[in-house]
Participant: 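Quick one: structure below, then a few questions.
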Amino acid sequence: MLAAKALVKPSPAPSSSPSPTPKKSPKTPSFSIPNLSFSLRRRHPKPLRAAAAANNSVLQQNETATAGASANSVTATPGQLRVDILSESLPFIQKFRGKTIVVKYGGAAMKSESLQASVVNDLVLLSCVGLRPILVHGGGPEINQWLKRLNIEATFLDGLRVTDAATMEIVSMVLAGKVNKNLVSLIDRAGAKAVGLCGSDGRLVTARPAANAAKLGFVGEVARVDPSILHSIVDGGHIPVIASVAADESGQQYNINADTVAGELAAAFGAEKLILLTDVAGILEDRDDPGSLVKEIDIKGVRRLMSEGKIGGGMIPKVNCCVRSLAQGVRTASIIDGRVPHSLLLEIMTDEGAGTMITG
């Protein structure tokens, strides 16, 4: 499936003599992923960029030589192209093999069935090649649907859901029940093994009331994370799927922002990378210009953009979540466009990525 990212069948080179008909290979499943191209030169941390540039130069020379040689050869078959792409992905697989990545899943990727399948398949593929993914999810649209069915009005304050006792009951049932178990089922059907949890399970996350709890109700913050229950799950080759609901010391349930839960889990678990799937392209130099995407930035650069007012609205808590996780030892954090099919693979297996990568 990974190979399908870059399959663009080249036009045969002009020739004065007819090309021999290539032998038919055994029929293999075909994959078609429109509007998706692969550049397999991954972003490298700054100390490694000189070496990466040298490697890329050699790669370009090899590609030029190969192109000249192939001009007089038979057009490559789709199978050969798949093999070539898989072989070129080896450096990325080696870089992340055995490393933990925490993915926060939500937004458009949760509403669209095709994008949902894309995320699930990406997670399973990454797991199969040796990465250790952990999935954290919210489920705002699903919560709103159930509140409407039960004639409970959804109220928001400063972008946060006002959560009274009746709403909290629905939030807990929808996130830890319906949404969580549906994701587990999808991952299982895609060929991996998933385990569904919420923050309350194994005291994974202990909550505390948010600062303005008097107005927001049962909206919480992360007080403490104990990732010990995750180690046995991840070490056993399973994918944890975690709903962003947790209890305080007295057992009271709280609704916690899924970005925050993902960031704190990534830090506590010692993850290599945190990825937030969003409904935007990433951090923009100019919020009114979608073409001003910042591909890579460090913490100092992020703080500069925030002081200049270029990062605002709903992007502020996401950026703060990333900065906090980086300060606690996570190597890189990315805010990527979940509206792009297979954005997870684009972010991990290509140099261009699918959004903005923040480094420590």
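Positions are given from 1 along the sequence.
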Participant: Tell me whether Lys181 at atom NZ has more than 12 heavy atoms from other residues, nucleotides or ligands lying less than 6.0 Å away.
Facilitator: yes
Participant: Can you tell if the side chain of Gln116 reaches within under 4.5 Å of the side chain of Leu186, non-hydrogen atoms only?
Facilitator: yes
Participant: Side chains of Val119 and Met110: does their closest heavy-atom pair fall under 4.5 Å?
Facilitator: no
Participant: For Val124 versus Gly191, what's the shortest heavy-atom pair and its separation?
Facilitator: CG1-C, 4.3 Å
Participant: Is any side-chain heavy atom of Ile101 less than 4.5 Å from a side-chain heavy atom of Leu344?
Facilitator: no
Participant: Please confirm whether the backbone N or O of Ala223 pairs with a side-chain atom of Thr206, one donor and one acceptor, at under 3.5 Å?
Facilitator: no
Participant: Below 4.0 angstrom, N of the basic side chain to O of the carboxylate: do Glu352 and Lys295 qualify?
Facilitator: no
Participant: Check Tyr105 against Leu183 and note the closest heavy-atom contact, atom names and distance.
Facilitator: CE2-CD2, 3.5 Å
Participant: Would you call Asp259 and Lys318 a salt bridge, taking side-chain N to carboxylate O under 4.0 Å as the test?
Facilitator: yes
Participant: Donor-acceptor pair, distance only, cut-off 3.5 Å: does the side chain of Ser172 make one with the backbone of Glu169?
Facilitator: no
Participant: Taking Asn257 for its side chain and Thr260 for its backbone only, find out whether a donor-acceptor pair lies under 3.5 Å.
Facilitator: yes
Participant: Taking Arg208 for the side chain and Glu221 for the main chain, is one N or O donor matched with an acceptor at less than 3.5 Å?
Facilitator: no
Participant: For the atom pair CG (Asn144) and CZ (Arg161), what is the distance rounded to the nearest 0.5 Å?
Facilitator: 4.5 Å
Participant: Spell out, yes or no, whether Val340 and Leu293 are grouped together once hydrophobic residues are joined by side-chain heavy atoms under 4.5 Å, including indirect joins.
Facilitator: no
Participant: Going through the distances and angles, do Ile297 and Leu305 end up as a side chain to side chain contact (heavy atoms under 4.5 Å, CB included)?
Facilitator: CA-CA 10 Å; Ile297 191 170; Leu305 291 179; 3.5 Å; yes
Participant: In sequence, state the C-alpha distance, the side-chain angles, and the governing distance for Val120 and Arg189, and then conclude on side chain to side chain contact (heavy atoms under 4.5 Å, CB included).
Facilitator: CA-CA 10 Å; Val120 168; Arg189 281 193 293 168; over 6 Å; no
Participant: Is the backbone N or O of Cys198 less than 3.5 Å from a side-chain atom of Asp201, with the two atoms forming a donor-acceptor pair by type?
Facilitator: yes
Participant: Would you say the side-chain atoms of Gln253 and Ser200 include a donor-acceptor pair closer than 3.5 Å?
Facilitator: yes
Participant: Can you confirm whether Leu204 sits close enough to Pro240 that some side-chain heavy atom of one is under 4.5 Å from a side-chain heavy atom of the other?
Facilitator: no
Participant: Taking only residues two or more places apart in sequence, or in another chain, which ones meet Arg97 in a salt bridge (charged side-chain N to carboxylate O under 4.0 Å, His left out)?
Facilitator: none
Participant: Calculate, to the nearest 0.5 Å, the distance between atoms CG and CG belonging to Leu345 and Leu125 respectively.
Facilitator: 5.5 Å
Participant: For the CZ atom on Arg287, are there more than 12 heavy atoms of other groups (residues, nucleotides or ligands in this structure) within a distance under 6.0 Å?
Facilitator: yes
Participant: Determine the minimum heavy-atom distance between Leu157 and Lys215, stating which atoms define it.
Facilitator: CD2-CB, 3.7 Å
Participant: Could you tell me whether the side chain of Asn121 and the main chain of Ala190 form a donor-acceptor pair under 3.5 Å?
Facilitator: no
Participant: Which atoms form the tightest heavy-atom contact between Ala166 and Ile152, and what is the distance?
Facilitator: CB-CD1, 4.3 Å
Participant: CG/Leu346 to NE2/His342 distance, rounded to the nearest 0.5 angstrom?
Facilitator: 9.0 Å
Participant: Provide the closest heavy-atom pair for Ala354 versus Ser343 in the form atom of the first, atom of the second, distance.
Facilitator: CB-O, 3.6 Å
Participant: Using 0.5 Å steps for rounding, measure from the CG atom of Leu274 to the CG atom of Leu326.
Facilitator: 8.0 Å
Participant: Rounded at 0.5 Å granularity, tell me how far CG in Leu216 sits from OG1 in Thr155.
Facilitator: 11.0 Å
Participant: Between Val162 and Thr167, is any pair of side-chain heavy atoms under 4.5 Å apart?
Facilitator: no
Participant: Between Ser334 (side chain) and Ile275 (backbone), is there a donor-acceptor pair under 3.5 Å?
Facilitator: no
Participant: Would you say the side chain of Val261 lies within less than 4.5 Å of the side chain of Lys104, judging by non-hydrogen atoms?
Facilitator: no
Participant: Before giving the answer on side chain to side chain contact (heavy atoms under 4.5 Å, CB included), spell out for Leu197 and Ile233 the whole-Å C-alpha distance, their side-chain angles and the decisive distance to 0.1 Å.
Facilitator: CA-CA 11 Å; Leu197 304 166; Ile233 294 173; 3.8 Å; yes
Participant: Counting only heavy atoms not in Glu113, do more than 12 fall under 6.0 Å of its CD?
Facilitator: no
Participant: Quick one: does Ser292's side chain have a donor or acceptor within less than 3.5 Å of a partner on Leu284's backbone?
Facilitator: no
Participant: Could you tell me if the side chain of Gln94 sits less than 4.5 Å from the side chain of Leu90, heavy atoms only?
Facilitator: yes
Participant: Taking the side chain as every heavy atom from C-beta outward, state whether Leu230 and Phe269 have any pair of such atoms under 4.5 Å apart.
Facilitator: yes
Participant: Less than 4.0 Å between a side-chain N and a carboxylate O, is that true for Lys95 and Glu272?
Facilitator: no
Participant: Quick one: pull up CD1 in Ile335 and CE in Met357 and give me the separation to the nearest 0.5 Å.
Facilitator: 12.5 Å
Participant: Closest heavy-atom contact between Asp188 and Lys193?
Facilitator: OD1-CA, 3.5 Å
Participant: Do any N or O atoms from the side chain of Thr356 and from the backbone of Ile283 form a donor-acceptor pair under 3.5 angstrom?
Facilitator: yes
Participant: May I have the step-by-step check of side chain to side chain contact (heavy atoms under 4.5 Å, CB included) for Ile316 and Ile311, ending in yes or no?
Facilitator: CA-CA 6 Å; Ile316 292 177; Ile311 296 176; 4.2 Å; yes
Participant: Do any N or O atoms from the side chain of Asn180 and from the backbone of Val241 form a donor-acceptor pair under 3.5 angstrom?
Facilitator: yes
